[in-house]
Number of protein chains: 4
Amino acid sequence: MVTTPSQEPQRAQMRRSQVLQAATRCFRLYGFHGCSMAQLAKEAGMSVGHIYHYFENKEAIIEAIVQQDLEEWLISMSRLLDSPDVFQEILDTLEEPVRETQQPDYAALQIEIIAEAARNPKVAHMVHTVHRQVRDTVAAMLIKGSRRPLSETEIDSKFELLSALFDGLMVRAIRAEKMDLDGLMAIMRPTIRFILDH
Amino acid sequence: MVTTPSQEPQRAQMRRSQVLQAATRCFRLYGFHGCSMAQLAKEAGMSVGHIYHYFENKEAIIEAIVQQDLEEWLISMSRLLDSPDVFQEILDTLEEPVRETQQPDYAALQIEIIAEAARNPKVAHMVHTVHRQVRDTVAAMLIKGSRRPLSETEIDSKFELLSALFDGLMVRAIRAEKMDLDGLMAIMRPTIRFILDH
Amino acid sequence: MVTTPSQEPQRAQMRRSQVLQAATRCFRLYGFHGCSMAQLAKEAGMSVGHIYHYFENKEAIIEAIVQQDLEEWLISMSRLLDSPDVFQEILDTLEEPVRETQQPDYAALQIEIIAEAARNPKVAHMVHTVHRQVRDTVAAMLIKGSRRPLSETEIDSKFELLSALFDGLMVRAIRAEKMDLDGLMAIMRPTIRFILDH
Amino acid sequence: MVTTPSQEPQRAQMRRSQVLQAATRCFRLYGFHGCSMAQLAKEAGMSVGHIYHYFENKEAIIEAIVQQDLEEWLISMSRLLDSPDVFQEILDTLEEPVRETQQPDYAALQIEIIAEAARNPKVAHMVHTVHRQVRDTVAAMLIKGSRRPLSETEIDSKFELLSALFDGLMVRAIRAEKMDLDGLMAIMRPTIRFILDH
DNA sequence: TATGAATGAGATTTCATTCAT
DNA sequence: CATGAATGAAATCTCATTCAT
């Protein structure tokens with residue numbers, strides 16, 4: 001029994017994501033540079049050599065992980081825009097992304113990506129590109145939802161402030177040992193309303 | 001002419017901080033685990049072996065760097081508390097710490113520390129300890145400056161939100177390519193006022 | 001043509017024993033701690049890094065060498081027990097083990113193992129375990145060959161004395177420059193007979 | 001106040017033996033090559049550099065330790081010879097040296113010396129020299145105590161066998177976990193009598 | 001006499017990557 | 001497609017020895 005040509009790339013695709021899933025787990029636990037190809041291979045359930053069939057080198061795995069993560073980001077961002085009352089939608093669905101930032105696993109990988117971007121130009125470029133795309137999406141939301149016209153600078157600054165809040169919560173997830181999320185939401189919600197309506 | 005006993009540890013102290021200065025530079029550029037002892041020794045202008053006279057191992061250097069950084073943090077925090085009108089003082093001196101977060105060097109090391117804390121229990125403990133101390137300082141400020149009594153949860157939540165804002169700006173310094181600081185201050189200042197007065 | 005699964009561990013097994021053979025030679029010449037991994041790798045004809053595929057660290061190589069040596073010991077011990085007249089068998093085959101103790105190579109590795117056991121708890125444990133097993137074998141011989149019943153203490157003491165004689169000859173192989181083996185046998189044989197029959 | 005010239009070498013002598021005492025302790029615990037000059041200096045209560053005033057290098061310390069140990073050996077040997085009935089004296093004072101061999105500290109250093117002699121020609125030479133001197137002393141005893149004339153070979157062989165017994169007990173002190181000394185003496189005494197009278 | 005700063009060589013160990021099978 | 005043997009470079013760390021003070 002021979003695999004048909006159409007099955008081939010499908011199988012390869014599966015193997016690739018098998019590696020990426022393992023890499024996500026490993027990188028969270030040990031960091032990009034604290035995780036060896038051997039550990040990764042073990043976690044992925046395949047041989048070290050075989051990983052090199054799917055990825056040129058370790059760098060490429062890191063980049064794929066970053067790419068994957070950034071794309072998920074973009075997708076969840078663009079979902080908001082479809083709603084008729086954007087601002088209300090943001091406030092209504094606020095809790096979920098806030099909760100996500102507080103998952104240590106999630107936060108750890110995000111911080112790892114940022115740390116890598118601070119030194120690795122390729123990763124920096126990927127992060128910047130997505131940052132610009134997210135900015136454009138959020139800008140559209142702010143224009144759509146605002147009751148008064150906003151200058152380019154106002155849009156940028158509101159975006160940065162809102163983004164900083166979320167990125168910052170991720171950092172807090174690591175810095176603080178435990179956080180009272182309900183209490184946080186109670187003050188966060190009006191603050192975001194304040195920024196949106198300002 | 002004999003060296004006084006008090007001069008001896010002074011010299012050792014100097015050598016130690018010479019290593020720490022070099023380490024700060026190296027760690028900013030390459031990260032804790034991307035910087036080798038050889039690089040570090042070269043930057044510090046001494047032999048690799050000699051560094052081990054002053055630090056038990058690389059871990060100990062990382063911990064010293066983290067400790068140093070956290071202590072500076074604490075000092076600059078506690079300065080604010082002395083002012084008669086704390087909230088006004090915060091708003092008046094806001095720009096300086098915001099500007100600091102935007103220095104790539106500064107941000108890179110901070111993120112490196114957070115990333116390390118996510119995996120290294122010893123570093124995590126140091127970060128948590130300082131976090132609690134900073135929290136207490138800020139809590140005192142909030143109590144001192146507020147016009148109404150605040151519940152423990154309210155204090156904690158306000159603290160976390162304010163901290164998240166600053167930590168987040170640091171992340172933005174890496175994610176965004178450039179930021180219009182004046183525009184940012186224009187929206188940040190009223191937001192912080194809002195949080196303080198809420 | 002596909003390699004059968006049974007061939008795979010065989011190859012690994014061969015490489016492992018290739019390392020152990022080289023280690024035996026090196027350790028004899030330079031001692032456990034006087035022999036570097038580089039020397040060992042050269043002698044084994046493979047790269048230093050590759051040795052770490054088969055052994056976790058140098059310690060593990062030392063332990064494997066000790067284990068191997070102790071097992072050979074046990075085997076040659078248990079062979080004696082099968083004979084109908086044990087004591088006569090011991091006296092008849094005495095010369096071979098005595099000759100063995102006088103080979104400088106052999107003695108050097110034995111002493112190295114004892115020296116290691118004096119400091120390394122893991123090796124001490126291995127040595128003690130085998131010591132107890134040898135004791136049990138010899139005890140069986142003494143009981144089988146004696147014309148009168150022996151107390152536990154008598155058995156132990158005879159065993160220790162006989163063992164000491166052999167271990168001691170090994171030490172003499174290093175302390176003395178050369179020994180007249182025939183002369184030695186002439187006095188050793190009746191002494192051992194004396195101990196056995198006592 | 002100036003030290004008189006006659007005090008100088010006395011003080012130096014003290015410092016030297018201070019180092020040797022520390023070295024004895026350290027070498028017992030870690031072996032010649034497992035003990036660093038830094039450990040040694042700490043144990044001796046002086047600086048690393050200062051040890052080099054009294055000993056050319058680490059080798060020289062090892063050699064001094066070996067020399068010291070061998071000399072003690074010689075002294076205690078020659079004491080026996082003075083007695084009118086040598087053999088009886090040997091049997092009467094047997095227990096003390098046997099007990100000494102069973103002290104783990106003592107045995108560990110002796111074995112360390114033998115192990116070193118197996119590889120280090122200088123140490124081998126020292127050990128051989130003393131071995132010959134001890135042989136001569138014991139030969140004199142055997143001649144003095146024997147009721148019949150002994151051939152050179154007989155003397156040598158008896159000496160080697162007796163020596164092997166003692167050296168072997170030292171090895172047993174490490175190989176065996178614990179030994180019943182009274183039981184051992186009960187069989188050892190007649191065995192030695194047997195060898196002496198043979 | 002005494003210190004401990006300083007070094008350079010070398011030890012053990014790790015690891016990304018290649019390659020024969 | 002799949003393995004894991006194999007390597008070489010580099011990383012961390014140790015240590016005997018020297019030297020300025």
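In what follows, chains carry the letters A, B, and so on, assigned in the order in which the sequence lines appear, proteins first and then strands, with residues in each chain numbered from 1.
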Quick check on DNA chain E: between C:His33 and C:His53, whose nearest nucleotide comes earlier from the 5' end? C:His33

Pair B:Glu116-B:Val66, side chain to side chain contact (heavy atoms under 4.5 Å, CB included): steps then yes or no: CA-CA 10 Å; B:Glu116 186 68 15; B:Val66 172; 5.7 Å; no

With both distances under 3.5 angstrom, what nucleotide forms a Watson-Crick or G-U wobble pair with E:dT3? F:dA20

Would you say a side-chain N or O of A:Tyr52 is under 4.0 Å from OP1 or OP2 of F:dT3? no

Roughly how many Å is it from CE in D:Met14 to C1' in E:dT1, rounded to a whole number? 13 Å

Value in whole Å for how far the P atom of F:dA5 lies from CD1 of C:Ile51: 14 Å

Between C:Glu71 and C:Gln67, is any side-chain donor less than 3.5 angstrom from a side-chain acceptor? yes

Selected nucleotide, minimal atom distance to C:Met37 side chain, candidates E:dT17, E:dT13, F:dT17: E:dT13

Which part of the nucleic acid does A:Tyr54 contact within heavy-atom distance under 4.0 Å: base, sugar-phosphate only, or nothing? sugar-phosphate

A:Gln18 and A:Arg15 side chains, donor-acceptor separation under 3.5 Å: yes

Does B:Arg11 make a side-chain N or O approach to OP1 or OP2 of E:dG4 shorter than 4.0 Å? no

Just the rounded figure in Å: distance from P of F:dC15 to CD of D:Gln39. 7 Å

Protein-nucleotide distance (B:His50, atom NE2; E:dA5, atom C1'), rounded to Å: 5 Å

Between F:dT17 atom C1' and D:Glu59 atom CD, what is the distance in whole Å? 14 Å

What's the NZ-C1' distance between C:Lys58 and E:dT12, to the nearest Å? 8 Å

Could you tell me how far apart A:Tyr30 (OH) and E:dC15 (P) are, to the nearest whole angstrom? 11 Å

Between P of E:dC15 and CD1 of A:Ile61, the distance in whole Å: 15 Å

Is the phosphate of F:dA2, meaning OP1 or OP2, less than 4.0 Å from a side-chain N or O of A:Arg15? yes

Is there a donor-acceptor contact under 3.5 Å linking the side chains of C:Glu43 and C:Gln39? no

To the side chain of B:Ser47, which of E:dA11, E:dT13, E:dT7 is closest? E:dT7

Where do C:Gln110 and C:Asp69 land on the side chain to side chain donor-acceptor pair (under 3.5 Å) test, with the steps shown first? CA-CA 8 Å; C:Gln110 296 302 316; C:Asp69 180 88; 2.6 Å; yes

